[in-house]
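First listed ligand is number 1; within each ligand, the first listed atom is number 1.
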Amino acid sequence: MVSPCLADFLFKFLVIGNAGTGKSCLLHQFIEKKFKDDSNHTIGVEFGSKIINVGGKYVKLQIWDTAGQERFRSVTRSYYRGAAGALLVYDITSRETYNALTNWLTDARMLASQSIVILLCGNKKDLDSDREVTFLEASRFAQENELMFLETSALTGENVEEGFVQCARKILNKIESGELDPERMGSGIQYGDAALRQLRSPRRTQAPSVQECGC
Ligand code: GDP
Ligand code: MG
């Protein structure tokens, strides 16, 4: 049987930020391409995966959602371990969620991979009339902290796919420039089947030892 995983790479991603900012909805919108309304609230999304095409390379994102842990401030070290990328989410209509970003960032930098790529995500962009955080101040914060930045709406789907793709593209760029080594332990990156087939082609004399695709 042919393996269903045709990805060149697998990246582990996290979605972090205060409860109620729309993390589960963002994940659902990205995977299912629709808004998760309250009727399916009980199906707590904890994990989702999707293959995306980034500049001709197939990347499988394995995305972990805190699934309520953030309410108890108990997002654990094991959750952060080996993540290649993260979406750090606040709600543009809640300054409280924006003020909490520094704490989330401290945890991520301390507990995740040193080279984790983080995209700051100002969600609920559709509620512009209730906005408490301007685009400008958030983009300044992003710049000061070396984060990518987008405003998104899990409701309309605006910028949701773009957010994940931009983050994945930055990680790929880092791999290509040599700044990131997929074979380093805890990089949050694995080679997929497609890449392994290339690496093992007879033209190469020696195939590097890499982990098998985990799909
Ligand atoms: P989480 O606790 O961060 O996982 O947040 P949820 O995904 O459970 O969403 C919290 C609430 O915000 C829910 O009532 C969602 O319907 C709502 N919500 C999430 N994303 C958006 C959005 O982009 N726009 C609007 N208007 N509401 C949203
Ligand atoms: Mg949630």
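- For ligand 1, the polar-atom distance check against Ala19 finds no nitrogen or oxygen pair separated by under 3.5 Å.
- Remark: ligand 1 atoms within the under-4.0 Å shell around heavy atoms of Ser24 are 4 (O), 7 (O).
- Ligand 1 has no N or O atom lying under 3.5 Å from any N or O atom of Phe35, backbone or side chain.
- Residue Leu127 has at least one heavy-atom neighbour below 4.0 Å for each of these atoms of ligand 1: 26 (N).
- Distances below 4.0 Å separate heavy atoms of Asp126 from the following atoms of ligand 1: 22 (C), 23 (O), 24 (N), 25 (C), 26 (N).
- Taking 4.0 Å as the cut-off, Asn18 counts as a neighbour of ligand 1 on heavy-atom distance.
- The pair Asp91-Lys124 meets the salt-bridge criterion, with a side-chain N (NZ, NE, NH1 or NH2) lying under 4.0 Å from an Asp/Glu carboxylate O.
- Within the 4.5 Å cutoff, the side chain of Val133 has heavy atoms near those of the Arg95 side chain.
- Between Leu105 and Leu147, some side-chain heavy-atom pair lies under the 4.5 Å cut-off.
- Summarising the local packing, CD of Glu162 is surrounded by more than 12 heavy atoms from other residues, nucleotides or ligands at distances under 6.0 Å.
- Partners of Asp128 by salt bridge (Lys or Arg N to Asp or Glu O under 4.0 Å), not counting sequence neighbours, listed by chain and number: Arg131.
- In this structure Thr21 satisfies the side-chain hydrogen bond (donor to acceptor under 3.5 Å, both in side chains) test with no other residue, sequence neighbours excluded.
- Looking at Asp65 next to ligand 1, no N or O pair under 3.5 Å apart turns up.
- By the 6.0 Å and 45° rule, Lys50 stacks over the aromatic ring of Phe30.
- Distances between N or O atoms of Lys36 and those of ligand 1 include no value under 3.5 Å.
- Below 4.0 Å from some heavy atom of Ala154 lie the following atoms of ligand 1, by number and element: 20 (N), 22 (C), 23 (O).
- When each of Tyr90, Trp104, Tyr98 is paired with Asn18, the side-chain contact (heavy atoms from CB on, under 4.5 Å) condition holds for Trp104 and for no other.
- By the criterion of a heavy-atom distance under 4.0 Å, both the backbone and the side chain of Thr21 are placed next to ligand 1.
- Looking at ligand 1, you'll find an N or O of Cys25 within less than 3.5 Å of one of its N or O atoms.
- The environment of Tyr58 atom OH is sparse: at most 12 non-hydrogen atoms of other residues, nucleotides or ligands sit within 6.0 angstrom.
- The distance criterion of under 3.5 Å between nitrogen or oxygen atoms is not met by Lys125 with respect to ligand 1.
- Not a single N, O or S atom of Thr66, from either the backbone or the side chain, sits less than 2.8 Å from the Mg ion (ligand 2).
- Backbone and side-chain nitrogen or oxygen atoms of Thr152 are examined, and none is located within less than 3.5 angstrom of a nitrogen or oxygen of ligand 1.
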